[in-house]
Amino acid sequence: MAQDKIILTGDRPTGRLHIGHYVGSLKRRVELQNEGDFKKMFVFIADAQALTDNIDNPEKVRQNVIEVALDYLAAGLNPDKITIFIQSQIPELCELSFYFMDLVTVSRLQRNPTVKTEIGMRGFESSIPVGFFTYPVSQAADICAFKATTVPAGEDQKPMIEQATEIARRFNHIYGETLIEPNILLPQNEVCCRLPGIDGKAKMSKSLGNCIYLAETAKEVKQKVMSMYTDPLHIHVEDPGHLEGNTVFTYLDAFCKPDHFAAYWPDYQNLDEVKEHYQQGGLGDMKVKKFLNNILQEELEPIRIRRAEFEKDIPAVYDMLKKGCEEAREVAAQTLDEVRRAMKINYFDDAALISEQARRFATK
Ligand code: TRP
């Protein structure tokens, strides 16, 4: 099984990566990489997809390609073990997207809930760029060109992977078994699927300004933790506190491990004890925030240190990406050869076709 496992996932370079990306997917990717239980693993920077809703802001995408690459390396992704590449540098992906367009209907795309939400968020209702509208098709091409079996991603990507699966199935049905139907690999811990922003608002997102970034300094992280949204009814220490919608506790659910208590808060044995005390009253927000800050600092410090190292040699990071693009292109080109053959558009590498046609016209 693992022999056939091909893992692929990517991010849009529209900003630096934050701890929502980290618990939602990045951390798991590093674990998967280090377990080594796969045939191939690809992680890519989806710059062409980022341009679908940033077409007038190419500089933003360009700047964030290197930021995301640094975040990857800092988080522990290792180009000696996996292939890291940039989407736009693989022209085969455009070609495959073009063929895939024929396998999807407009109404099917209109039903994609993630795209629906995004159209609303961007105010695109009456003027949706075609490229943006069809990005799920191009995402299916990203996945299928590498014959990915396993796509680690957050819950919001579920409709995309479903669409990719449908497209692969339809392709195979029409043209014969060529592509692989992918599966999504969701975070194991439910809270990690959708980490809220520090203001308690739905999701951590750059546009809401409620993120803690991976590359942030220790001081910035601490300031943000101390300003986090908790329970507006928990005014005095002795008041009973509420856990629902309390961002500090949501983050603890995502980040806290049993051994953090001995290290940072020996008054308690586990998170349930803290929650119980908080709900009873008598436990102040400050103490909980300090604990969370210690945990986040422990998690983020090695990432920050590694990032600083990689930042010292930026040309080497671009070299790494270039090599990754070359490796990725070879794989995608191989798939596209198979796709063209299946679709009967391989005119020049098919000796049988040419002699068959020659015969047909000779007997006319
Ligand atoms: N849509 C993903 C995001 O917004 C990025 C992405 C593009 C992707 N192509 C992909 C993720 C293929 C997984 C597989 O983050």
Side-chain angles (χ1 to χ4, degrees), residues 15-28 113 117 120-121 154-156 158 186-301 303-304:
R16 285 179 290 157
L17 300 183
H18 52 61
I19 61 172
H21 293 116
Y22 183 66
V23 291
S25 169
L26 194 48
K27 193 174 174 178
R28 184 98 169 93
T117 316
M121 272 165 54
E155 198 134 52
D156 60 324
K158 225 170 157 180
L186 290 168
Q188 291 147 317
N189 184 348
E190 186 69 23
V191 285
C192 296
C193 276
R194 218 168 255 272
L195 198 73
I198 55 169
D199 55 359
K201 295 240 174 68
K203 203 178 155 181
M204 194 169 276
S205 108
K206 188 170 166 256
S207 47
L208 294 172
N210 61 4
C211 302
I212 295 178
Y213 293 100
L214 280 182
E216 227 139 20
T217 64
K219 200 171 150 215
E220 285 164 331
V221 172
K222 186 167 182 195
Q223 268 168 3
K224 288 189 175 178
V225 171
M226 292 306 160
S227 75
M228 267 172 81
Y229 180 85
T230 56
D231 169 14
L233 302 173
H234 190 228
I235 299 164
H236 307 290
V237 172
E238 58 276 12
D239 293 339
H242 298 85
L243 303 177
E244 314 79 62
N246 189 322
T247 321
V248 176
F249 280 95
T250 311
Y251 281 30
L252 285 175
D253 283 331
F255 286 96
C256 182
K257 288 184 293 219
D259 55 353
H260 286 141
F261 289 91
Y264 304 119
W265 214 2
D267 297 352
Y268 299 89
Q269 304 273 340
N270 55 50
L271 196 52
D272 286 337
E273 273 184 26
V274 178
K275 287 179 176 173
E276 210 177 292
H277 192 183
Y278 189 80
Q279 285 174 301
Q280 272 167 10
L283 176 56
D285 282 350
M286 251 350 186
K287 283 193 177 163
V288 193
K289 284 180 172 176
K290 273 195 187 139
F291 181 51
L292 174 62
N293 178 58
N294 283 326
I295 293 174
L296 287 183
Q297 299 292 354
E298 180 186 303
E299 188 91 34
L300 297 179
E301 189 180 51
I303 298 178
R304 200 181 296 129

- Apply side-chain contact (heavy atoms from CB on, under 4.5 Å) to the pair M228 and D285, showing each step before the final yes or no. CA-CA 10 Å; M228 267 172 81; D285 282 350; over 6 Å; no
- Task: List the steps and the verdict of side-chain contact (heavy atoms from CB on, under 4.5 Å) for L195 and F255.
- Result: CA-CA 11 Å; L195 198 73; F255 286 96; 4.3 Å; yes
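- The ring-ring contact (aromatic ring centres under 6.0 Å, His included) analysis of residues 229-249, with sequence neighbours excluded, yields the pairs H234-Y278, F249-Y278.
- Looking at V23 and P187, their side chains never come closer than 4.5 Å, going by heavy atoms from C-beta outward.
- Shown here are the side chain to side chain contact (heavy atoms under 4.5 Å, CB included) partners of E155, two or more places apart in sequence or in another chain: K158, L186, E190, C193.
- Residues that satisfy the side chain to side chain contact (heavy atoms under 4.5 Å, CB included) test with Q223, not counting sequence neighbours, are K219.
- Here the side chains of I212 and I198 are in contact, with some heavy-atom distance below 4.5 Å.
- Annotation: side chain of E273 is not in contact with side chain of H277 (no heavy-atom distance under 4.5 Å).
- Residue pairs that meet the side-chain hydrogen bond (donor to acceptor under 3.5 Å, both in side chains) test with at least one member in residues 250-259, sequence neighbours left out, are D253-K275.
- For the side chain to side chain donor-acceptor pair (under 3.5 Å) test with E216, the passing option among K224, H18, R16 is K224; the others fail.
- Counting heavy atoms from C-beta outward, H21 and L214 have side chains that stay 4.5 Å or more apart.
- Residues forming a side chain to side chain contact (heavy atoms under 4.5 Å, CB included) with Q297 (at least two apart in sequence, or on another chain): A218, V221, K222, N293, R304.
- Applying the side chain to side chain contact (heavy atoms under 4.5 Å, CB included) rule to K287 yields the partners W265, L283; only residues at least two apart in sequence or on another chain are considered.
- The number of heavy atoms from other shown groups lying within 6.0 Å of NZ (K290) does not exceed 12.
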